[in-house]
Protein chains: 2
Amino acid sequence: MTDRPHKPTMRDVSRLAGVSRMTVSRVLADPSLVAQETRDRVLKAVAQLRYVPDRVAGSLSSRRSGFVALVLPTLMNTNFADTAQAINEALREADYQLLIGFTLYRSSEEVDCIRSLLTRRPEAIIITGGVHSREANALLLESGVPVVEMWDLPERPIDYAVGFSNFEVGRAAARHLAGLGHRRIGAIGPAAGGEARDFRGEDRLEGFAAGLRECGLPDGLIIRNPDIPLSFTEGAQSISRLLDLAPDVEAVFAISDLQGVGALLECQRRGIRVPEDLSIMGFGDFEIGRQCVPSLTTIQTDSRAIGRQVAEIILNALAGQDGRETPRPDALRDIGFTVVSRGSTRTRTP
Amino acid sequence: MTDRPHKPTMRDVSRLAGVSRMTVSRVLADPSLVAQETRDRVLKAVAQLRYVPDRVAGSLSSRRSGFVALVLPTLMNTNFADTAQAINEALREADYQLLIGFTLYRSSEEVDCIRSLLTRRPEAIIITGGVHSREANALLLESGVPVVEMWDLPERPIDYAVGFSNFEVGRAAARHLAGLGHRRIGAIGPAAGGEARDFRGEDRLEGFAAGLRECGLPDGLIIRNPDIPLSFTEGAQSISRLLDLAPDVEAVFAISDLQGVGALLECQRRGIRVPEDLSIMGFGDFEIGRQCVPSLTTIQTDSRAIGRQVAEIILNALAGQDGRETPRPDALRDIGFTVVSRGSTRTRTP
DNA sequence: ACTTGCGATGTGACCGGTAACATGGCATCA
DNA sequence: TGATGCCATGTTACCGGTCACATCGCAAGT
């Protein structure tokens, strides 16, 4: 907190090195533009003054902030944390700084968050999900920068989307459990009414219900919990409610591994054997799901790959605008998903 | 990505409202300074043009960026994610934007990260841990803004620190396990040699070893794993190594619940009963530790409270500088820790 | 009636960089 | 030898706000 009289500016460096400010700027931005000898003198001055360039000023002047905005529901979900890290790693190489905002699954927060991030003039915006309020949509559209939606596959993305169909994930889960011979099949997931909404979880749940119906099975055993965000604890509660409702349930789909593992642990506490008495399947392929006993059958999507692809799209789009035309990459990237069968599910034995 | 001719600026708003730019600025910054009628006219113009103020320009001019820099090792550890969210929530109320950088537990990354964040002229810096390279320290000291170190309690903090003694945590763990009557006691934690280092984990491990010695017990059963960051999987590996080394070990301290839960699950796989055959104790009070079966004995510290206190210190320090003198809050805040005894440990039965 | 003071608004400089263009020196080439 | 062109560097304006100060009108005080 040592307060120096004032932080050295580029002018101070230029004076010390006996050159113009512009030369200092060049040395820092692209050293090859400056003669070796001058460059060394400037760098010596930079080191001597411990000069740290001011990107605030630089951004204003160059009209390139070097920011990329990232809108996430929360960090409590490891998948989002993974994606965020992967994006960060890829963008930092190109010297972009991530600006993260959180919505807590609330529409009102989402709008505030976007508006606030836009004041920082990000060069691109990454947002979780493909469903936004009218106001949020308007802000994104008018932002003037590329928008990437992720973890979902909207029919008509704003600009780009990287994700998969949550509805199809649910459908695949239903078919998988039905395919194992189960008939009394339930699910646990988010309720649709509250202020906080997990639209992607809701989609998986709807896809699951649709899948059950396609298999000629009833879709009445679905527990919808309004406590968003989801957690292990919430999974334990939901499975409890389901077991109270239908003690003879044979298989359960949890729309997140967080809930799935929570459910599994609750079963252990209740002495319900998994998978002998109950098959449990989750979504997200969390590390804890791979490690737990029995390991959790899940639907896997690659969180880090989503992040990498998002970053790639952005770097492409931003490179495209400085001159050389880059072919516009696919607006919609479906990264797909895979059912990973593990110990927590098994074929029904009559 | 709609490219309008150019984004409206304050000048456009001022013209439309028939006032000067300064009046627009006032309406946005402190509406009470402007007459009702004028204010309404300006706000109408703002809405009509969908004007979004440019904080890049504002920051440069006012010399207040509205940024707070946060340096974290990773988001993979829920504790840090919790703290980050808590900080964010508190700072957003005061309209500060968090700038997050990740070190991945590497000293070299830490320096780069700090340097890069400093170019954005943050008004405060929050950094994880109390041990930094000489270069990082110099940068922080010269930054000219308040620095808050967290999750540790350095003897001589740069400016402020919010945390607890990791060494004492380890010592308390040793005493707790020894107090249960165990004699063959081991631990799993990070190795000290590699490029990536978890200094706080190392401190807990050292404290643990010291605690064992104080109790007159040998400290030879400590597994140090260089795979940082820690994870469930790594915990499973480490406990395996420990069990191979000393099959008769009675109790284990894992320096993180991540490892502790991983160890617990590995024991389940191997048919080792916890706590009957082996007591396991972790650190961090992760949700999964509370939920798993048996639930994990741990040492609890409040991640969100750390975040809240960090934010409080910063808001205080930053308020202090605009005129009214605020008493400098305690430079060092020890938020302490608590041993939480749960199902994974029990008294030794001879 | 004249001064005083305050509320509401405007003026101009400035924050610290960078884009765009200008300049000067020197080697190359017809 | 003069034109040409490139390399290295300098000059100037400007990015979009806000600060400090100036101005103006009007009500209150003496």
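Lettering follows sequence order; numbering is per chain, from 1. Predicted model, so just to flag it, every value in this text is computed and none were measured. Any value given below was found using the heavy atoms of this structure, including those in side chains, with hydrogens, waters and symmetry copies removed.
For the pair B/Leu33 CG and C/dC6 C1', the computed distance is 13 Å after rounding to whole Å. D/dG16 atom P lies 16 Å from atom CZ of A/Arg64, rounded to whole Å. Atom NZ in A/Lys7 sits roughly 11 Å away from atom P in C/dG17 (whole-Å rounding). Computed from coordinates, the B/Asp30 CG to D/dT18 P distance equals 12 Å when rounded to whole Å. When rounded to the nearest whole Å, the span between CZ of A/Arg39 and C1' of D/dA8 equals 12 Å. If you measure from atom CG of B/Asp54 to atom P of D/dG16, you get 7 Å, rounded to the nearest angstrom. Distance CG (A/Leu28) to P (C/dT18): 8 Å, rounded to an integer number of Å.
Taking only side-chain nitrogens and oxygens, B/Tyr51 comes nearer than 4.0 Å to OP1 or OP2 of D/dG17. Applying the 4.0 Å criterion to OP1 and OP2 of D/dT9, one finds that A/Thr38 has a side-chain N or O inside that range. In this structure, B/Arg63 reaches the C/dG16 phosphate: one of its side-chain N or O atoms is under 4.0 Å from OP1 or OP2. Dashed line: the shortest gap from a side-chain N or O of A/Thr23 to OP1 or OP2 of D/dG10 is under 4.0 Å. A close approach under 4.0 Å does not occur between any side-chain nitrogen or oxygen of A/Ser61 and OP1 or OP2 of C/dA19. The side chain of A/Ser25 contributes an N or O atom lying less than 4.0 Å from OP1 or OP2 of C/dT18.
For the pairing with A/Arg26, the side chain to side chain contact (heavy atoms under 4.5 Å, CB included) check across A/Val34, A/Val19, A/Val42, A/Thr38 returns one residue only, A/Val34.
In this structure, A/Ala57 and B/Ser32 both approach DNA chain C, and ranking their closest nucleotides by distance from the 5' end singles out B/Ser32.
Between the side chains of A/Asn316 and A/Glu312, no donor-acceptor pair of N or O atoms lies under 3.5 Å. A donor and an acceptor atom, one from each side chain of A/Gln85 and B/Thr74, are located under 3.5 Å apart.
B/Leu153 approaches B/Arg333 most closely through the heavy-atom pair CD1-O, 3.7 Å. Across B/Ala136 and B/Ile114, no two heavy atoms sit closer than the pair CB-CD1, 3.8 Å. The two residues B/Leu98 and B/Ala84 come nearest to each other via the heavy atoms CD2-O, 4.0 Å.
Relative to the side chain of A/Ser62, the nucleotides D/dG17, D/dT18, C/dT18 differ in distance, and C/dT18 lies closest. Side-chain proximity of A/Leu60 to D/dG16, C/dA8, D/dG17: nearest is D/dG16. Between D/dT9, D/dG17, C/dG17, one nucleotide has an atom nearer to the side chain of A/Ala35 than all others, and that is D/dT9.
The cationic group of B/Arg120 lies under 6.0 Å from the six-membered ring centre of A/Phe67 and within 45° of the ring axis, placing it in a cation-pi geometry.
Residues of residues 10-22 of chain A that place a heavy atom closer than 4.0 Å to DNA chain D, in numerical order, are A/Val19, A/Ser20, A/Arg21, A/Met22.
B/Arg26 comes within 4.0 angstrom of a nucleotide base, judged by non-hydrogen atoms across all strands. Note on B/Ser59: nothing from the nucleic acid sits closer than 4.0 angstrom, heavy atoms only.
Using cut-offs of 30° and 60° on the angle between ring planes, the pair A/Phe80 and A/Trp151 is perpendicular.
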